[in-house]
Amino acid sequence: MATAGSSYSHSTDHAPPPLANLGNAAGVCIMSNAWKDEQDPSLITFISAFLCSNSFRLNFVSISPDLIFNCGGVSIAFVFVTKWDDCCNAASIFNRVKRLKTQFARLYVVATLSTKEQNDSFMRSYFQYGMEFGKPAFVPVTDAEMGFEKIVKIAHSRGVCKQQRVASKIKVERKRTVQDTDMFIRVLASIPNISKHDANSLYLAIGSIEATAKISKEDILTNTDLSSDKAEMLNRFFQDPEFYLSPKFN
């Protein structure tokens with residue numbers, strides 16, 4: 001459970017400026033009701049304004065992590081410790097983190113450590129409770145405002161990476177499609193009396209060499225602009241052994 005209270009103390013009289021380079025990014029922030037109730041109201045006001053300025057919707061739900069972001073089609077969970085002091089229950093925090101990392105593939109822990117003493121205390125607890133480096137990633141910050149800004153940046157960057165991977169896969173698939181199209185046209189255009197235009201028409205109507213080899217003359221005439229002679233040539237080329245096994249001379 002995130003610790004009660006908050007180290008957040010900045011003025012929220014004015015809405016915070018939007019993050020740079022977010023562009024038109026939009027997503028959803030799901031906040032734990034329990035975590036919200038433990039925070040200083042001024043922090044929640046800041047969070048609401050910050051999300052709004054960066055085109056994120058904010059929903060309050062009963063969830064296990066403190067925050068879950070859905071950005072660019074990927075979900076990222078966060079434990080957000082807004083206050084760390086000698087009174088905080090380190091055991092419950094780290095045991096909760098261990099439990100959550102088995103439930104969420106993308107989990108980050110953001111901890112507000114304003115002083116050297118807090119940082120030293122946190123590090124002692126980190127090793128005491130057997131945490132593994134990077135599993136999950138811990139992000140120390142000096143105040144809760146900075147912590148939430150980092151949370152949004154992490155969520156956004158993960159979403160952008162997901163979108164870029166999808167775009168990369170689409171680009172590879174398009175390249176493969178172009179290569180397949182070129183191969184189809186080269187093969188079909190090598191058949192006597194079949195031009196590149198004819199081959200392209202066949203590709204658009206039929207789509208593969210295997211299907212072209214099996215299609216009837218009537219279907220070729222129905223689905224393409226090829227002449228009767230060319231349709232018969234294709235039919236004989238693929239389906240008449242005496243024709244396709246005999247030598248061809250121009």
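Start at 1 with the first residue, then count along the sequence.
- For the atom pair CZ of Phe238 and CD1 of Ile209, the computed distance is 6.5 Å after rounding to the nearest 0.5 Å.
- You'll find the side chain of Pro136 stays beyond 4.5 Å of the side chain of Phe104, heavy atoms only.
- Taken from OG in Ser125 to CE in Met131, the straight-line distance is 11.0 Å, to the nearest 0.5 Å.
- To the nearest 0.5 Å, atoms CG (Asp198) and OG1 (Thr224) are separated by 8.0 Å.
- Shown here for Cys71 and Ala155, the closest heavy-atom pair between the two residues is CB-O, 3.6 Å.
- When ring centroids are compared, Phe127 and Phe94 stay outside the 6.0 Å threshold.
- Across every non-hydrogen atom of Trp84 and Thr112, the tightest pair is CB-O, 3.9 Å.
- Residues Ile30 and Ile63 approach most closely at O-CD1, 3.6 Å, considering heavy atoms.
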List the steps and the verdict of side chain to side chain contact (heavy atoms under 4.5 Å, CB included) for Asn223 and Ile206.
CA-CA 8 Å; Asn223 295 292; Ile206 302 170; 5.7 Å; no
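- Leu221 and Leu204 fall into different hydrophobic clusters, defined by Ile, Leu, Val, Met, Phe, Trp and Tyr side-chain heavy atoms under 4.5 Å apart, directly or through other members.
- For Asp120 and Lys116, the salt-bridge test passes: some basic side-chain N is under 4.0 Å from an acidic carboxylate O.
- For the atom pair CG (Asp143) and CD (Glu149), the distance works out to 8.0 Å, reported to the nearest 0.5 Å.
- The shortest heavy-atom contact between Leu58 and Ser48 is CD2-OG, 3.5 Å.
- Between Asp66 and Arg96 there is a side-chain heavy-atom pair separated by less than 4.5 Å.
- Closest non-hydrogen pair, Val110 versus Gly147, comes out as CG1-CA, 3.8 Å.
- Under the 3.5 Å distance criterion, with hydrogens and angles disregarded, a donor-acceptor pair is assigned to the side chains of Ser75 and Asn70.
- With Gln118 contributing its side chain and Ser114 its backbone, the two residues share a donor-acceptor pair below 3.5 Å.
- Distance check, rounded to the nearest 0.5 Å: CZ of Phe80 to OH of Tyr108 gives 15.5 Å.
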After noting the C-alpha distance and the side-chain angles of Leu188 and Tyr203, does the key distance pass the side chain to side chain contact (heavy atoms under 4.5 Å, CB included) rule?
CA-CA 9 Å; Leu188 271 291; Tyr203 179 79; over 6 Å; no
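- Side-chain contact between Ile154 and Ile151: absent, with no pair of heavy atoms (C-beta onward) separated by less than 4.5 Å.
- Annotation: side chain of Phe122 is not in contact with side chain of Val81 (no heavy-atom distance under 4.5 Å).
- By the 4.5 Å heavy-atom criterion applied to side chains, Phe78 and Ile76 are counted as neighbours.
- The residues Lys214 and Asp219 are annotated as not salt-bridged, no charged nitrogen and carboxylate oxygen being separated by less than 4.0 angstrom.
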Do Lys83 and Asp40 pass the salt bridge (charged side-chain N to carboxylate O under 4.0 Å, His left out) test, and can you show the C-alpha distance, the side-chain angles, and the key distance before you say yes or no?
CA-CA 11 Å; Lys83 185 177 181 181; Asp40 189 294; over 6 Å; no
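- Within a 6.0 Å sphere centred on NZ of Lys150, other residues, nucleotides and ligands contribute 12 heavy atoms or fewer.
- Shortest non-hydrogen contact noted between Ala199 and Ile194 is N-CG2, 4.2 Å.
- Contact check for Lys230 versus Leu234: no side-chain heavy atoms found under the 4.5 Å cut-off.
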Derivation of the side chain to side chain contact (heavy atoms under 4.5 Å, CB included) call for Asp225 and His197
CA-CA 10 Å; Asp225 60 357; His197 169 81; 3.0 Å; yes
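- No side-chain donor from either of Ser92 and Asn95 sits under 3.5 Å from a side-chain acceptor of the other.
- Counting heavy atoms from C-beta on, the side chains of Phe184 and Leu202 come closer than 4.5 Å.
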Carefully, step by step, assess Val74 and Phe69 under the rule side chain to side chain contact (heavy atoms under 4.5 Å, CB included).
CA-CA 8 Å; Val74 62; Phe69 275 76; over 6 Å; no
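- Between Gln39 and Met31, every side-chain heavy-atom pair lies at or beyond the 4.5 Å cut-off.
- One finds the NZ atom of Lys135 at 13.5 Å from the CG atom of Leu107 (value rounded to the nearest 0.5 Å).
- Tyr129 does not carry Lys98 over the face of its six-membered ring by the limits of under 6.0 Å from the centre and within 45° of the normal.
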